[in-house]
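Okay, structure first, notes after.
Computed from heavy atoms alone, side chains included, the values below leave out hydrogens, waters and symmetry copies. Residue numbers count from 1 along this sequence.
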Amino acid sequence: AFLRPDPACVPELLDGFARYPEHRVATLFALGNSGDERALDPLLAALRDSDAEIAGAAASGLGFFGDSKAEPALIDALDRDSSWVQIHAARALGKMGGAAARGALEQFVKRDLSGGALSLREVAQRALDDIRARER
């Protein structure tokens with residue numbers, strides 16, 4: 001479903017997300033890549049999941065989805081207490097973010113990012129560079 005996105009698959013993907021928890025990460029990627037509006041709210045809900053693996057996958061899915069409606073939630077995800085979620089949120093913002101994402105990422109790279117600071121800062125900086133390139 002990820003490699004051959006088809007909006008017709010979205011109902012089954014949504015059903016499978018609940019029924020097959022072992023496949024939730026792949027399902028979130030496929031939902032995001034579908035580009036179907038029915039996937040947006042479930043992706044946003046999964047971004048708030050307490051499981052960092054699920055929230056990170058949802059952030060990636062939202063990056064594939066590419067809808068600016070997800071930008072505020074992805075910006076909020078930069079404040080999560082999980083470098084995994086932060087990395088995926090920054091990457092997603094780099095793919096689809098605008099001026100608000102640029103501002104949030106500019107602040108993010110200035111933070112004291114102890115514990116995985118280098119990789120977090122690098123990912124956020126790359127995302128920021130992607131946004132700036134689109135703005136030119």
With no hydrogens and no angle check, is any side-chain donor or acceptor of Arg134 less than 3.5 Å from a backbone partner on Gly94?
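Present.
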
Give a yes or no on whether the backbone of Ala101 and the side-chain of Glu71 come within a donor-acceptor separation of less than 3.5 Å.
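Yes; at least one donor-acceptor contact below 3.5 Å.
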
Tell me, with the steps shown, if Asp51 and Arg24 meet side chain to side chain contact (heavy atoms under 4.5 Å, CB included).
CA-CA 11 Å; Asp51 181 330; Arg24 291 189 305 166; 4.0 Å; yes

So do [Y] and [X] actually touch side chain to side chain, heavy atoms under 4.5 Å?
X      : Y      : value
Ser34  : Asp6   : no
Glu12  : Arg19  : no
Phe17  : Pro42  : no
Leu62  : Leu40  : yes
Asp130 : Lys95  : no
Gln125 : Glu106 : no
Arg38  : Pro7   : yes

Show the nearest heavy-atom pair for residues [X] and [Y], with the distance to one decimal.
X      : Y      : answer
Ile54  : Leu28  : O-CD1, 3.5 Å
Leu78  : Gln86  : O-NE2, 2.9 Å
Ala104 : Ile75  : CB-CG2, 3.6 Å
Met96  : Asp67  : CE-O, 2.9 Å
Leu31  : Phe65  : O-CD1, 4.2 Å
Gly98  : Ile131 : O-CG2, 3.8 Å

Report the C-alpha separation of Arg121 and Phe108 in whole Å, then their side-chain angles, then the decisive distance to 0.1 Å, and conclude whether the side chain to side chain contact (heavy atoms under 4.5 Å, CB included) test is met.
CA-CA 8 Å; Arg121 189 168 283 111; Phe108 186 78; over 6 Å; no

Membership question, hydrophobic clusters at under 4.5 Å side-chain separation (ILVMFWY): are Trp84 and Phe64 in the same one?
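Cluster IDs for Phe64 and Trp84 differ.
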
How many angstroms lie between [atom1] in [X] and [atom2] in [Y], if you round to the nearest 0.5 Å?
X      : Y      : atom1 : atom2 : result
Arg132 : Arg136 : CZ    : CZ    : 8.5 Å
Leu93  : Leu74  : CG    : CG    : 5.0 Å
Cys9   : Leu14  : SG    : CG    : 11.0 Å

Side-chain ion pair, Arg111 and Asp79, N-O less than 4.0 Å:
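Result for this pair is yes, salt bridge flagged.
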
Apply side-chain contact (heavy atoms from CB on, under 4.5 Å) to Ala77 and list each qualifying residue two or more places apart in sequence or on a separate chain.
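Ala77 satisfies side-chain contact (heavy atoms from CB on, under 4.5 Å) with Leu47, Arg80, Val85, Ala89 only.
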
